[in-house]
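Both counts, for ligands and for their atoms, begin at 1 and track the order of listing.
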Amino acid sequence: MRTVRAACPHDCPDTCAIRVTVQGDQVIKLQGDPEHPMTHGALCTKVARYVERVEHPERVLHPLRRLGPKGSGQFVKVPWDEALDEIATRLKAIAARDPRAILPYSYAGTMGLVQGESMAARFFHRLGASLLDRTICASAGAAGLTASYGGKVGMRTEHFAQSKLILIWGSNSIASNLHFWTFVQQAKRRGAKLWCIDPRRTETADKCHRHLAIRPGTDGALALALARELIVRDKLDHAYIRDHLEGFEVLRERAMPWTLERAAAECGVALEDLQELARDYGAARAGTDAAPAAIRLNYGMQRVHGGGNAVRLVALLPCLIGAWRHPGGGLLLASSGWFAPVRRDAWLQRPDLLNGRPVRTINMSTIGDDLLRASGSDFGPRIEALVVYNSNPLAVAPESSKVVRGFQREDLFTVVLEHFMTDTADQADYVLPATTQLEHWDVHTSYGHTDVVINEPALRPRGQARSNAQIFRDLANRMGFDDPCFADDDETLARGALQGIDFAALRQKGWQALPVPDAPFAKGGFPTPSGRARVDSPQWGVPDYIPNHESVATTPSLAQRYPLAMISPPARNFLNSTFVNMRSLRDIEGEPLVEMHPSDAAARSLEDGQTVCVFNDRGRYHCRLAVSTRARPGVVNGLGIWWRKLGLRGTNVNEVTHQRLTDLGRAAAFYDCLVQVQATDPSAAAE
Ligand SMILES: Nc1nc2c(c(=O)[nH]1)N[C@H]1C(S)=C(S)[C@@H](COP(=O)(O)OP(=O)(O)OC[C@H]3O[C@@H](n4cnc5c(=O)[nH]c(N)nc54)[C@H](O)[C@@H]3O)O[C@H]1N2
Ligand SMILES: Nc1nc2c(c(=O)[nH]1)N[C@H]1C(S)=C(S)[C@@H](COP(=O)(O)OP(=O)(O)OC[C@H]3O[C@@H](n4cnc5c(=O)[nH]c(N)nc54)[C@H](O)[C@@H]3O)O[C@H]1N2
Ligand code: SF4
Ligand SMILES: [Mo]
């Protein structure tokens, strides 16, 4: 029996350290590392069952070539050599005309530095393929945070345990950031007051003292009104503002029109609730013996038109009250920026292999439109080949009817590296079997904490599976790429991925903490050129409230036809679209559903449990109706992200979302979406 150090590979801020007990080639036990302070021995329900995923009977274990029409799911096993030769031949032919017609499409199926963008990036850079703008999750918030602070930096998660007031803002922490919640509970036991700011009454909202169910996309208005209250009631930390914030005066100008009354109307909440929130936050001003206030912002609130600006505004609040003076005060959206000094991205990804060739960048959030575009001077060559890994775009990208049409183009050559026959794999010309986290090397940074975590292979690859890095190494070889970097094996990539971290110590312990100070911005030191947080940014100007693309105010005639705002936050037992095919987890989630407030259901004569159609001009999503006060009036919650083929009539929630982008970061605005809901008409079944 041996114990192997592993890391959870999933797109989750917790990046748990895992201990795997192995006998022979079987896992005896898989548990959270009890010694890792962030993991404290506990994994979430999903990953506690990771072995089920690894040994799942439906895993893709051989290279497959398409037999039937695209999407028919008919494939035949082919030997690796044949698959690699044929793929290389096709890619070579396209590259000979214009390599930018080849597009890699990947996201966060694994967050590992090795099985993410290492050998794959080297391969596509050397090929001269189109670059992918990775915007589908967090880029609006990342841009917003960078505008205010200079980087993706913030409080350390464990310090929330010392906070006396916690604003959980746009985050269903119990579902999607479970280990953070442990620290919140510690704070709560010590008397902290918890606010949840979320249109949905989540399980997290249930456990907070107060829940503010604002309308989706109105966070910027709320932040401006809170800033105004702090200013007019003089709850400011004047010394902190003077020394560590640039542009206070312009913020004051922006905030002054935003009375609490106006914000209450815009956000659709009671004035008294806003007054109480403003009082609580103002009372936490530093400089007296006030208790520290912390904000846990998460990406849920930036998936709307004004998401980037909203993050900018919220991020300025802790500066106004000097919350940063205390380790338990400040804000956390993402900790990823702390890793910048240790990551060797240029070595891992080798952008220099582009060798000065022209680049074309495709935004992953508009893949639907872009797959359907013809060559043109403003676009470049039509996309002729797609290589998909670590992602399931058919399920997760917005406006899926267009994504599906794009993938079904007969002239498109598609290769998908996967564990399972996802909706996307169904459309492939070749499906290549990828290893899971227990079968390959990796190293992980985190976007929720500040530890590096190692992942050593615990098992032999199942079937004929190969790691992503191995597959791209093999393809590079077939393409005749002879730069020595294409010979680096996975362990070499893992060893070289980071600098300033002792690899032997990392292997021994399983994780290593970065030296992040306790109260990182107590004396300023933000990673901006001046070291101060800033209101005005050279790139983006002064932040403001930007209403949704689709709302009663911005698109009144659309809102007449589609009066309900829909958000589609993650389901607790899935991770994006990962795990939807695992029966034991799917059974907990039940079936695809949309939550609707009883008043909205009554107005439509709809009943709990009936099958409904959520629709707009873009598409129709069929699912079960849950009449529930988890939804606020006027807003429906379509919990994500089901596989289309496991949903009703082969649809999922992204049938109705759109491809318009956020204000900053060119991101998808999934939660900025108007719909109508009606009973499904059985006679329309064929449409
Ligand atoms: N179990 C589970 N965990 C996950 C994921 C998952 O799918 N399942 N997804 C992972 C991923 S990809 C990410 S990016 C991270 C972070 O994941 P996020 O997508 O940020 O997930 P949540 O923490 O659930 O936060 C979303 C919350 O924001 C709320 N919300 C929606 N619109 C608004 C709005 O306009 N304003 C405000 N204030 N709130 C709004 C939603 O109702 C929801 O409760 O979590 C990761 N963790
Ligand atoms: N409507 C709506 N849409 C959303 C969201 C939402 O809240 N609402 N959330 C958005 C967000 S935040 C995100 S991050 C995206 C997520 O989008 P994706 O990153 O595409 O996430 P997943 O759906 O989890 O798909 C990851 C796939 O990678 C595969 N995979 C895992 N490990 C490996 C590996 O080692 N090798 C290979 N080759 N494959 C692997 C998994 O089997 C899985 O099918 O979705 C976005 N879409
Ligand atoms: S999904 Fe998140 S909570 Fe679950 S094991 Fe992975 S890192 Fe930990
Ligand atoms: Mo995400």
Side-chain angles (χ1 to χ4, degrees), residues 6-18 30 32 38-39 42-50 53 59-60 105-112 114-116 120 134-138 141 175-181 298-300 302-303 364-365 387-400 416-425 431-437 439-440 442 444 446-449 453 465-469 471 566-571 574-581 621 638-643 652-657 667-671 673:
C8 174
H10 291 295
D11 187 351
C12 168
D14 296 17
T15 320
C16 289
I18 300 179
L30 181 132
M38 287 300 132
T39 308
L43 302 175
C44 64
T45 321
K46 308 174 286 295
V47 174
R49 301 178 189 193
Y50 198 75
R53 184 174 163 84
R59 249 189 88 180
V60 179
Y105 196 97
S106 67
Y107 202 63
T110 166
M111 300 280 289
V114 176
Q115 308 307 342
R134 293 190 169 78
T135 56
I136 206 150
C137 168
S176 67
N177 193 187
L178 186 61
H179 294 79
F180 159 74
W181 185 252
N298 214 331
Y299 290 110
Q302 48 97 69
R303 294 191 187 108
M364 68 185 303
S365 299
V387 182
V388 182
Y389 53 101
N390 301 340
S391 187
N392 184 10
L394 251 80
V396 305
E399 204 174 359
S400 16
V416 176
L417 285 61
E418 252 301 346
H419 298 153
F420 292 102
M421 290 308 289
T422 59
D423 292 323
T424 305
V431 182
L432 302 179
T435 45
T436 65
Q437 188 76 342
E439 301 153 88
H440 58 222
D442 225 324
H444 289 255
S446 171
Y447 64 101
H449 59 66
V453 189
R466 295 183 183 178
S467 74
N468 290 346
I471 295 171
M566 186 195 77
I567 57 173
S568 45
F574 302 148
L575 214 135
N576 300 321
S577 80
T578 303
F579 296 112
V580 179
N581 60 321
Y621 169 40
L639 299 190
I641 309 174
W642 283 74
W643 286 16
N652 83 3
V653 73
N654 279 317
E655 287 287 331
V656 290
T657 53
F670 290 108
Y671 302 170
C673 175

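Ligand 2 has no N or O atom lying under 3.5 Å from any N or O atom of T422, backbone or side chain. Annotation: H440 places no N or O atom under 3.5 Å from an N or O atom of ligand 2; distance criterion only. Inclusion of A108 in the set of residues having an N or O under 3.5 Å from an N or O of ligand 2 is warranted. Inclusion of N468 in the set of residues having an N or O under 3.5 Å from an N or O of ligand 2 is warranted. Not one N or O of T657 is nearer than 3.5 Å to an N or O of ligand 2, by distance alone. Taking only nitrogen or oxygen atoms, main chain and side chain alike, Y107 does not reach within less than 3.5 Å of ligand 2.
Counting heavy atoms from C-beta on, the side chains of D14 and M38 never come closer than 4.5 Å.
Under a cutoff of 6.0 Å and an axis angle of 45°, R134 and Y107 do not form a cation-pi pair.
Look at H10 and you'll find every heavy atom at least 4.0 Å from all atoms of ligand 2.
Counting only protein atoms, the N, O or S atoms lying less than 2.8 Å from atom 6 (Fe) of ligand 3 are C8 SG, ordered by chain and residue number.
Annotation: atom 21 (O) of ligand 2 to nearest protein heavy atom, N576 CB, 3.7 Å.
Using the six-membered ring where Trp is involved, Y447 and Y299 have ring planes that are tilted, between 30° and 60° apart.
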